[in-house]
Amino acid sequence: MKVLKFGGTSVGSSDSILKVKKIVEEQKEQLVVVVSAVGGVTDQLIKAANLAKKGENICFDVLSEVKEKHYNIIGELFPLDIAQTIKFKTDQLFDEVSTIIKGVYMLKEITEKSEAIISSFGERVSSFIISQLFEGGKLFESQKFIKTDKVFGKDTVDFEETEKRLLEVKDELVQVNVFPGFIACNKKDEVTTLGRGGSDYTAAIIAATYDAEVLEIWTDVNGFMTADPRIISRAYCIDKLSYSEAMELSHFGAKVIYPPTILPVYKKSIPILIKNTFNPEAQGTLINDEKEPLKDKKIKGISSIKDVSLLTIQGIGMIGVTGIAMRLFKSMAQENINVILISQASSENSISIVIESAVSKKAVKLVEKEFKAEIALNQVNNISVETDMAVIAIVGENMKHTTGISGKLFNSMGRNGVNIYAIAQGASELNISFVVKEKDLKKGLNTVHEAFFLSHFTVLNLFLIGTGTVGKMLIEKINNQSEKLLNENKLRLRVAGITNSRKMMLNPQGLVVNGILNDLMAEGEQANLDVFTQRVKDYNLANSIVVDCTANQAISEIYQGLLESNISVVTANKIATSSGYESYQKLKTTALNKGVKFLFETNVGAGLPIIGPLNNLVMSGDKILKLEAVLSGTLNYIVNTVDENKPLSEVILEAKEKGFSEPDPRIDLSGTDVVRKILILAREAGYEMEQSDIDVVPFVPQKYMDCASLEDFMKEIVEYDGAFEQKRKELANAGKKLRYGAKLEGGKATVGFIEIDSKHPFFDLEGSNNIILINSEHYKEHPMQIKGYGAGADVTAAGVFADIIKVANK
Ligand SMILES: NC(=O)C1=CN([C@@H]2O[C@H](COP(=O)(O)OP(=O)(O)OC[C@H]3O[C@@H](n4cnc5c(N)ncnc54)[C@H](O)[C@@H]3O)[C@@H](O)[C@H]2O)C=CC1
Ligand SMILES: N[C@@H](CC=O)C(=O)O
């Protein structure tokens, strides 16, 4: 025999009831079918009862709506003549409940008995209708078999009597036997109910009594999910769970089953199969007591509860005193306050409990009352409540005796800036629960889910600033590479925000990258850096990265706040790394402390790996003695391209068009860009240096830099064409070339022209290439040499892209 229980959504409409019919008719075994009330009906009935109690006659309208709902279902399920008969019988049932509601309305009071009759009425009607669907199907009125008794004022199942009564009719069972869930009767044959999760309980009791081979719970989800799918879109169905795991997951919020209902089948080792009425092909979740091999998934699922508060009682007078915890819990029990989680410091200086927020004020009063004497003596000096909290629990039998689980869990939380307020782990090691602020719940769940279930699949949430030469190319690369990254590197790049100086567009679910620039300009809202930054922080997404492809000072000033909010920063913009040493150092330290990344490899040499190798040398204990370099793609392009037919002013424009120069080429031509770069390298090599410490000879005379605008500059610089060409020609005649170099030696940096002959390693440096020679203790006679394209949208975007990927490598 099998016991199948169908919940409210499964019997919520005629369409879904037909699905139930199909599922039932496909079974070969003898069946007990337990049904809930039609979805929403129990709530409507309770509403009607409450209205009646207040003497509001719309209670009868609510009852009529309920009747109408059932009439519609009957009309849609059965041919006219049969529907008439079923409606007639249903009418009789409605008359019964209507009389009771009338009584409540007249007296303006409701007895426990009337309340039970009204709230369980939905199951009586639904079971009757559904029993009529099956040829030869038989309806059993559960209230005649499921017996309850009052235990501590609560209707509690009398298992002995229930089993006896169910077994008495065992021989009368036919192929399809329908029982209403939730409803029961007491010793006086008065209707009672089984409380929350009551229909599951009915099904479990029957399954246990009849030794069913399986209890199938048919619902509207595919089974237990690895996490709440409304929060974690990538949550997936768990195929197997132990009873304990299912109970733990349910306790912490997974509403697939209600834990106490498992008990009867658990005691008899009857497996439970969770199935989806709307997707019967899905495998579902099998719950049984089979032990899974230890090597298998250590963590099975993640659960969470919100709307909770953390109450902490603290005081040195609590240390070593027996009975404190007992009194705390007793005070909660007095008012039926459920304690969801308990955490006590081993110093015994404090105890924290998690309770529902709705009762937190009451709880504080109770604790204050209980510990009044201790508070007066200052032995308990702090009773505090943190509201808007949530509990996250990871559950899995196989985490027992497995080292590293908590390490992995809390490391992932820390890296994403999720603060943990209290932790609890039972000695059974079946679950680790911890308390976080509710605003961090989504991020926390995402982070844990990724760490334990999708470590092969990491999402990076990108917020792109700047859609110019470099930014545009970066978007192209993200668009082109995303699929490959996902398939081969299990990395998903999700662009959650984008802005330029005019428009911005954000969506925490991700924007469509294909055509994003058109969308931005067509549909984006007006750009506002403060709003953009605030939203990035508020979304609070795991693995958030802000990518700066601007040359803007204001953008560089948001980095510190972002890093402090555990958001990584990848930047092509050199302003932050080359401004005051203190703020540069603060950015790096903040990133380190917060466990996020601050990456700026493209600040020097565009896509060339320069900062990384330099860092590696320094970290390995090497000392940088000297750096000699050509670090400007624009300026190297100019010295390589200017000749008698191509004047300087024309080549400057060409360098801009080719995407080598800064948005304002005067930053290159003044030497500032190279100053910034050698400064960054000096700092990364371990020297505490400021821009003002660097001697610089500008690439073009200073007077041109004083032009009011770029336009004026471009007009004025034409007069320098001749002198520049003259200088080039003289050097060429002497077999020499002009380079614009940078040098760091003995802690001193200089930037300016160098005239070199063919023996010099910079002599053959073509086009916009850069070169750097690194002399260190380890690379003394033969410096490390890095050479290649030093500017351009393509290589720079590739460098930025590589930094983004590095954020995923924790
Ligand atoms: N071109 C190259 O070879 C290399 C460039 N870089 C750096 O890349 C950065 C970008 O350079 P390009 O793409 O050439 O610049 P660009 O001028 O083409 O683009 C700049 C973008 O930033 C946006 N922007 C400016 N201010 C903004 C603000 N306040 N809010 C939002 N967006 C703002 C602009 O709207 C534009 O979309 C610069 O810092 C540059 O030094 C670094 C290495 C090499
Ligand atoms: N303008 C720069 C670009 C990279 O930083 C250069 O020309 O090298």
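Atoms within a ligand are numbered from 1 in the order they appear, just like the ligands themselves. Nothing fancy with the numbering, it's 1 onward along the sequence. The figures that follow rest on heavy atoms only: side chains count, while hydrogens, waters and symmetry mates do not.
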Student: In ligand 1, which numbered atoms sit nearer than 4.0 Å to a non-hydrogen atom of Lys574?
Tutor: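 Those of ligand 1 that fall under 4.0 Å from Lys574 are 41 (O).
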Student: I need the nearest protein heavy-atom contact for atom 26 (N) of ligand 1: residue, atom name and distance, please.
Tutor: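 Protein heavy atom at minimum distance: Asn552 ND2, 3.2 Å.
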Student: Taking only heavy atoms of Gly792, which atoms of ligand 1 are found under 4.0 Å from at least one of them?
Tutor: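 Near Gly792, the atoms of ligand 1 are 2 (C), 3 (O).
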Student: Please state which protein non-hydrogen atom is closest to atom 41 (O) of ligand 1 and give its distance, to 0.1 Å?
Tutor: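 I find the closest protein heavy atom is Glu662 OE1, 2.4 Å.
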Student: Looking only at distance, does Gly471 have an N or O less than 3.5 Å from an N or O of ligand 1?
Tutor: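 N/O-N/O distance under 3.5 Å: no.
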Student: In ligand 1, which numbered atoms sit nearer than 4.0 Å to a non-hydrogen atom of Ala791?
Tutor: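 Counting atoms of ligand 1 from 1, those under 4.0 Å from Ala791 are 3 (O).
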Student: Can you check whether Glu730's main-chain N or O pairs, donor with acceptor, with Asn733's side chain at less than 3.5 Å?
Tutor: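 Such a contact is absent between Asn733 side chain and Glu730 backbone.
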Student: Relative to the heavy atoms of Asp673, which atoms of ligand 2 are at a distance of less than 4.0 Å?
Tutor: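 It comes down to these atoms of ligand 2: 1 (N), 2 (C), 6 (C), 8 (O).
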Student: With respect to Gly659, determine whether any N or O atom, backbone or side chain, lies less than 3.5 Å from an N or O atom of ligand 1.
Tutor: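 Min N/O separation from ligand 1 is below 3.5 Å for Gly659.
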Student: Count the heavy atoms belonging to other residues, nucleotides or ligands that lie under 6.0 Å from CD of Glu719, then report whether that count exceeds 12.
Tutor: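 Above 12, so yes.
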Student: What atoms in ligand 1 come closer than 4.0 Å to a heavy atom of Asn500?
Tutor: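 What qualifies from ligand 1 is 30 (N), 31 (C), 32 (N), 33 (C), 35 (O), 37 (O).
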Student: So which heavy atom on Glu684 is nearest to which on Asn615, and how close?
Tutor: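 The pair with the smallest heavy-atom distance is OE1-ND2, 2.8 Å.
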Student: Does Asp673 reach ligand 1 with a nitrogen or oxygen that is under 3.5 Å from one of the ligand's nitrogen or oxygen atoms?
Tutor: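 No, Asp673 has no N/O under 3.5 Å of an N/O on ligand 1.
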Student: Would you mind listing which atoms of ligand 1 come within a distance below 4.0 Å of any non-hydrogen atom of Gly466?
Tutor: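 Reading through ligand 1 atom by atom, the close ones are 21 (C), 22 (O), 23 (C), 37 (O).
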Student: Heavy-atom distances under 4.0 Å decide this one: backbone, side chain, both or neither, for Lys472 against ligand 1?
Tutor: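 For Lys472, there is no contact with ligand 1 at all, from either part.
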Student: Out of Thr550, Leu517, Asn573, who gets a non-hydrogen atom closest to atom 9 (C) of ligand 1?
Tutor: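 Considering heavy atoms of Thr550, Leu517, Asn573, the nearest to atom 9 (C) of ligand 1 sits in Thr550.
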Student: NZ of Lys588: more than 12 outside heavy atoms within 6.0 angstrom?
Tutor: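 It does: Lys588 NZ has more than 12 such atoms within range.
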Student: Quickly, which of Val570, Val569, Val547, Val800 forms a side chain to side chain contact (heavy atoms under 4.5 Å, CB included) with Leu599? Name it, please.
Tutor: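 Of all the options given, the one that passes is Val570.
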Student: Any idea which heavy atoms bring Thr634 and Ala655 closest together, and the distance?
Tutor: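 Smallest heavy-atom distance, with atoms named: CG2-CB, 3.8 Å.
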Student: Please check whether Thr602 reaches ligand 1 - meaning an N/O of the residue sits under 3.5 Å from an N/O of the ligand, judged on distance alone.
Tutor: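 No, no N or O pair falls under 3.5 Å.
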Student: Among Leu520, Thr796, Val800, which residue places a heavy atom closest to atom 2 (C) of ligand 1?
Tutor: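 The nearest heavy atom belongs to Thr796.
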Student: Relative to ligand 1, is Ile575 under 4.0 angstrom through side chain, backbone, both or neither, heavy atoms considered?
Tutor: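 It is neither; nothing of Ile575 touches ligand 1.
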Student: With side chains defined as the heavy atoms from C-beta onward, is the minimum distance between Glu725 and Asp721 less than 4.5 Å?
Tutor: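 In short, these two side chains do not touch, never coming nearer than 4.5 Å.
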Student: Check each heavy atom of Ser661 against ligand 2 and say whether those closer than 4.0 Å belong to the side chain, the backbone, both or neither.
Tutor: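 It is the backbone that touches ligand 2; the side chain stays farther off.
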Student: Which atoms from ligand 2 have a heavy atom of Asp668 less than 4.0 Å away?
Tutor: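 It comes down to these atoms of ligand 2: 1 (N), 2 (C), 6 (C), 7 (O).
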Student: Nearest to atom 18 (O) of ligand 1, what protein heavy atom do you find, and at what distance?
Tutor: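 Checking every protein heavy atom, the shortest distance to atom 18 (O) of ligand 1 gives Thr469 N, 2.8 Å.
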Student: Looking at Lys806 and Lys597, what are the two nearest heavy atoms and their distance?
Tutor: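 The pair with the smallest heavy-atom distance is O-NZ, 3.0 Å.
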Student: Near Thr467, which atoms of ligand 1 are under 4.0 Å from a heavy atom of that residue?
Tutor: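 By the 4.0 Å cutoff, the relevant atoms are 21 (C), 36 (C), 37 (O).
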Student: Is it the case that more than 12 heavy atoms not belonging to Lys729 sit under 6.0 Å from its NZ atom?
Tutor: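 No, NZ of Lys729 has 12 or fewer neighbouring heavy atoms, counting only those of other groups under 6.0 Å.
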Student: Mind listing the closest non-hydrogen atom pair of Lys443 and Ala542 along with its distance?
Tutor: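 So the two residues come closest at CG-N, 3.7 Å.
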Student: Taking all non-hydrogen atoms of both residues into account, name the closest pair between Thr550 and Gly466 and its distance.
Tutor: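 Result for this residue pair: CG2-CA, 3.7 Å.
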Student: Out of all atoms in ligand 2, which are within 4.0 Å of some heavy atom of Lys677? Include the element for each.
Tutor: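 Those atoms are 2 (C), 4 (C), 5 (O), 6 (C), 8 (O).
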Student: Identify, for atom 7 (O) of ligand 2, the protein heavy atom at the shortest distance, and state residue, atom and that distance.
Tutor: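 In this structure, atom 7 (O) of ligand 2 has Thr634 OG1, 2.5 Å as its nearest protein heavy atom.
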Student: Please state which protein non-hydrogen atom is closest to atom 42 (C) of ligand 1 and give its distance, to 0.1 Å?
Tutor: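 Going by distance alone, atom 42 (C) of ligand 1 is nearest to Ala572 O, 3.5 Å.
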Student: Is there a ring pair (Phe, Tyr, Trp, His ring centres under 6.0 Å) between Phe724 and Phe699? Walk through the geometry before answering.
Tutor: CA-CA 10 Å; Phe724 190 81; Phe699 189 83; 5.4 Å; yes
Student: Ligand 1 versus Cys549, non-hydrogen atoms closer than 4.0 Å: side chain, backbone, both, neither?
Tutor: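 Cys549 to ligand 1: backbone contact only, side chain stays beyond 4.0 Å.
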Student: Does Asp794 come within less than 4.0 Å of Lys477, counting only side-chain N to carboxylate O?
Tutor: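 Here Asp794 pairs with Lys477 in a salt bridge, since their nearest N and O are under 4.0 Å apart.
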Student: Looking only at protein heavy atoms, identify the closest one to atom 5 (C) of ligand 1 and say how far it is in Å.
Tutor: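 Going by distance alone, atom 5 (C) of ligand 1 is nearest to Val470 CG2, 3.8 Å.
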Student: Going by the order shown, which atoms of ligand 2 are within less than 4.0 Å of some heavy atom of Lys574?
Tutor: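 Ligand 2 atoms under the 4.0 Å threshold to Lys574: 4 (C), 5 (O).
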Student: Any atom of ligand 1 sitting under 4.0 Å from a heavy atom of Ile465?
Tutor: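 Yes; Ile465 lies near enough to ligand 1 that a heavy-atom distance drops under 4.0 Å.
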Student: Just jot down the ligand 2 atoms closer than 4.0 angstrom to any heavy atom of Phe660, in number order.
Tutor: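 So the answer, numbered in order with elements, is 1 (N), 2 (C), 3 (C), 6 (C), 7 (O).
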Student: With heavy-atom distances below 4.5 Å as the criterion, would you say the side chains of Asn507 and Tyr539 are in contact?
Tutor: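 A side-chain contact is absent here, since even the closest heavy-atom pair is not under 4.5 Å.
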Student: Check each atom of ligand 2 against the heavy atoms of Gly633 and keep those under 4.0 Å away; list them by number with element.
Tutor: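 Those of ligand 2 that fall under 4.0 Å from Gly633 are 6 (C), 7 (O), 8 (O).
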Student: Search all heavy atoms of Lys737 against all heavy atoms of Phe763 and return the closest pair with its distance.
Tutor: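 For Lys737 and Phe763, the tightest heavy-atom pair comes out as NZ-O, 3.0 Å.
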Student: Which option out of Pro663, Gly468, Ser768 puts a heavy atom nearest to atom 15 (O) of ligand 1?
Tutor: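 Nearest option to atom 15 (O) of ligand 1, by heavy atoms: Pro663.
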Student: I'd like to check which ligand 2 atoms, numbered from 1 as shown, lie under 4.0 Å from a non-hydrogen atom of Ser632.
Tutor: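 Every atom of ligand 2 under 4.0 Å from some heavy atom of Ser632: 7 (O), 8 (O).
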Student: Which of parallel (below 30°), tilted (30 to 60°) and perpendicular (above 60°) describes Tyr704 and Tyr720?
Tutor: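 Plane angle between 30° and 60°, so tilted.
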Student: Of all the non-hydrogen atoms in the protein, which one sits nearest to atom 30 (N) of ligand 1, and at what distance?
Tutor: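 Going atom by atom, the protein heavy atom closest to atom 30 (N) of ligand 1 ends up being Ile555 CD1, 3.4 Å.
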Student: Taking the side chain as everything from C-beta on, heavy atoms only, tell me whether Met504 gets closer than 4.5 Å to Ile465.
Tutor: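 In short, these two side chains do not touch, never coming nearer than 4.5 Å.
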Student: Going by the angle between their ring planes, with limits at 30° and 60°, are Phe600 and Tyr584 parallel, tilted or perpendicular?
Tutor: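 Phe600 vs Tyr584 ring planes: perpendicular.
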